[in-house]
Amino acid sequence: MAKFTTLTSHAVPLPAENVDTDQIIPARFLKVTDKHGLGDSLFCDWRYLKDGSDNPDFVLNEAASQGAQILIAGNNFGSGSSREHAPWALVGWGFRAIISTGFADIFKSNSLKNGLLPVEVSADVYKALMEAVQLDRSTRITIDLPTQSVTGLDGLEATFPIDAFSKHCLLEGIDQLGYLLSFDEQITSYEQQRT
Amino acid sequence: MEPRTLFQKVWDEHVVVQEPDRPAVLYIDLQLIHEVTSPQAFTGLRERGLKVRRPDKTIATMDHSTPTLPKALWVIDDQAKAQLAQLESNCKEFGVELFPLGDSRNGIVHVIGPERGFTQPGKTIVCGDSHTSTHGAFGALAFGIGTSEVEHVLATQCLLQRKAKTLEVRVEGQLMPGVTAKDIILALCAEIGTGGGTGHVIEFNGSAIRGLDMEGRMTVCNMSIEAGARAGMIGPDETTFEYLKGRERVPQGADWDAAVERWSQLCTDEGAKFDKTVIIDANKLEPMITYGTNPGMGMQISEPMPTLESFDDFSQQAAFEKAMLYMDLEPGQPLLGKKIDVVFIGSCTNSRISDLRMAAGVFSGRKVADGVRTLVGPGSHDIKKQAESEGLDQIFKEAGAEWREPGCSMCIAMNGDNLEPGQYAVSTSNRNFEGRQGKGGRTFLASPLTAAAAAITGAVTDPRSLLLS
Ligand code: SF4
């Protein structure tokens, strides 16, 4: 997994609440058997018109969004299905962090395993960031994982929570399966005790 | 010892290692696999040269992208075909038992687990599928996981997990005729919203829950995830044991008695504390329906839809406006009488025999309204056989509905069954997200009774008006 330490980037504002995984990546794109190439289908039904051309009204298609690595989205982002295709598609497009006031449980867990950082902030901080970014799309935001802070606006100094283990894994680029495999002995003795 | 909740008991029993400041290493008793969320996990194993640690605790089925037309008419696109073939070869290579397309034991993953007796009280159960919460109806701790975690469990039979908080949902009283398990859970979603249960495991209890049969309990736990909770649980009781007894994969003979003895200890102790409690009065529940684009946007079927003023929060207002636009509905208007195009009765929420019996009761001696397409999809081959032996298929067909093969069908629209852009459907499935049942399609979620009533009248209808006549 790619390491995450500090990220500075302009951002894409998506003020909708409850953006579900079916919007992030519709089910018809789930027939793939690998993780790659899903970035083109990210937010597909909002992003493309009937004839397949770009929907000029959708924020991801705006010139100002290109190259952004941060998404700012409304509350309860990633609700719905457990599909890890959702973070694969977000990462595939180029996002490395999502700022919201809340994330669905499974989506959050999936994101952390793909180097995509869920940054949970208060409603006030969310509002300030959203407004600033909507007003000036070139606003650059910095997300610093070691200090768990979000900066970039004058006077804004916000922190976000993350559990110590996930933070450690992201900072070091540690993959959790390797960690789990190190408990082989304990797992074996647990299995023996129970049978 | 401190009084403990059902969740706490199952959790304690499965912690292999708990180091400070680290998630627990939690042992998993059963992993269910399907074609959509597993290919990358098996590829991961192969890349690392790992085996499936416990193939005996792993079973696989094909359900999401499988066609539901009779075999002669199967159309499977190349991508789906490749995905199904890959599941088959993965299961073979890694020694996992598979119930493939066409097998008499095949069906929707959350239907066949309980049906064959794999699902048992006190087990930890996972699947790369959010509706794994269904299995909690038996007092199991069951939740959906992502594909990376599917790989973790395949390789180690364990998961790294942080303990969730607990949310008690107490449903007291008696349901009125025409009100079903589905209405209980839609009412909860409307009450607490789709993020209301985030970070929590729900325990459902109260007299109305005790009064449900296992199929109704599965319907309730199935949609815990729509209320934001990864898992929903119900303490096992006589109803649970009665359902499981004699099923293919449950303990038999003296082992059965010992198992029941063990399972009987699982219920939440008197005095155990929940982090939160929500109380629902079953006596006051009415048939529910959703009007918007997430399962929390629901109401009693006889109510008018909300208006912008019903919401005080700006972002909720924005979400409501967006939903009304997508659904092309007028705020403040009733939904009753709204013309619909399609009815879907099926999915892991409502495709079991009691659901089909309920629907058939409405269809019996009646005809589907002109211009309405109605699909009835049993959840498994066992259910299909049972329904046919009771003549339910005949009732559906005579009414003018399509009687389909088992599978996820129009719940997820990745198998050839889908809405056309702009169409309205009343569906017994669990998600009304934009495009969930087909690009541009519009979904009203409801119970099998309400869905059947809509098929007959061609419009959103209070099912009680047909039950009484
Ligand atoms: S029926 Fe629908 S919700 Fe259930 S497993 Fe299939 S796709 Fe998922």
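Sequence lines set the chain letters: A, B, ... in the order given, protein chains first and strands last, and positions in each chain run from 1. Computed over heavy atoms, backbone and side chain alike; hydrogens, waters and symmetry mates excluded.
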Check whether [X] gets within reach of chain A through its side chain, its backbone, both or neither, counting any heavy atom under 4.5 Å.
X	result
B/Asp313	side chain
B/Asn430	neither
B/Glu35	neither
B/Asp29	side chain
B/Ile145	backbone
B/Glu226	neither

Look at [X] together with [Y] and state whether they make a salt bridge at an N to O cut-off of under 4.0 Å.
X	Y	value
B/Arg431	A/Asp20	no
A/Glu17	B/Lys322	no
A/Asp184	B/Arg53	yes
B/Arg162	A/Asp163	yes
A/Asp175	B/Arg48	yes

Does the [X] side chain pair with the main chain of [Y], one donor and one acceptor, at a distance under 3.5 Å?
X	Y	answer
A/Gln186	B/Val16	no
B/Glu434	A/Gln23	no
A/Asp105	B/Thr198	no

- Task: Give the member of B/Leu159, B/Thr43, B/Asn415, B/Asp129 that has the highest number of heavy-atom pairs under 4.5 Å with chain A.
- Result: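 Highest number of pairs under 4.5 Å: B/Asp129.
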- Item | Among the listed options B/Gly228, B/Ala229, B/Gly199, the residue most often paired with chain A at heavy-atom distances under 4.5 Å |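 The candidate making the most pairs under 4.5 Å is B/Gly199.
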With a 4.5 Å cut-off on side-chain heavy atoms, are [Y] and [X] touching?
X	Y	answer
A/Lys113	B/His152	yes
B/Glu19	A/Phe183	yes
A/Arg194	B/His14	yes
B/Glu149	A/Ser109	yes

- Message: Could you check whether atom CG of A/Asp154 has more than 12 heavy atoms from other residues, nucleotides or ligands sitting under 6.0 Å from it?
- Response: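 Counting neighbours around CG of A/Asp154, 12 or fewer heavy atoms of other residues, nucleotides or ligands fall under 6.0 Å, so no.
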- Message: Using a 6.0 Å cut-off, check whether atom CG of B/Asp21 has over 12 heavy atoms from anything other than its own residue.
- Response: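 Result for CG/B/Asp21: open.
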Contacting region of [X] [heavy-atom separation from chain B under 4.5 Å]:
X	value
A/Glu191	side chain
A/Thr33	both
A/Ser189	neither
A/Thr188	both
A/Tyr179	side chain
A/Phe165	both

State, to 0.1 Å, how close [X] and [Y] come at their nearest heavy-atom pair, and which atoms those are.
X	Y	value
A/Asn114	B/Ser148	ND2-OG, 4.4 Å
B/Thr147	A/Glu84	N-OE1, 2.7 Å
B/Ser130	A/Ile106	CB-CD1, 4.2 Å
B/Val15	A/Tyr190	O-CE1, 4.2 Å
A/Asp45	B/Lys439	OD1-CE, 3.5 Å
A/Leu180	B/Cys158	CD1-O, 3.6 Å

If you measure from [atom1] on [X] to [atom2] on [Y], what distance do you get to the nearest 0.5 Å?
X	Y	atom1	atom2	value
B/Phe143	A/Ser82	CZ	OG	11.5 Å
B/Thr293	A/Asp22	OG1	CG	11.5 Å
B/Phe314	A/Lys127	CZ	NZ	9.0 Å

- Please assess A/Arg28 against B/Asn418 for the test side chain to side chain contact (heavy atoms under 4.5 Å, CB included), listing each intermediate value before the final yes or no. CA-CA 11 Å; A/Arg28 56 186 188 281; B/Asn418 53 266; over 6 Å; no
- Query: Will you find, in the side chains of B/Thr194 and A/Asn76, an N or O donor that is under 3.5 Å from an N or O acceptor?
  - Reply: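 On atom types as modelled, these side chains qualify, holding a pair under 3.5 Å.
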- Query: How about B/Gln40 and A/Trp88: does a side-chain donor come under 3.5 Å of a side-chain acceptor?
  - Reply: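 Note: B/Gln40 and A/Trp88 side chains miss the donor-acceptor criterion.
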- Task: Taking heavy atoms only and a threshold strictly under 4.5 Å, list by residue number the residues of residues 80-87 of chain B that touch chain A; give 'none' if the list is empty.
- Result: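 Only B/Ala80, B/Gln83, B/Gln86 of residues 80-87 of chain B have a heavy atom under 4.5 Å from chain A.
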- Go through the steps to decide whether B/Arg22 and A/His168 satisfy the test side chain to side chain contact (heavy atoms under 4.5 Å, CB included), and finish with yes or no. CA-CA 10 Å; B/Arg22 292 278 182 267; A/His168 172 71; 4.2 Å; yes
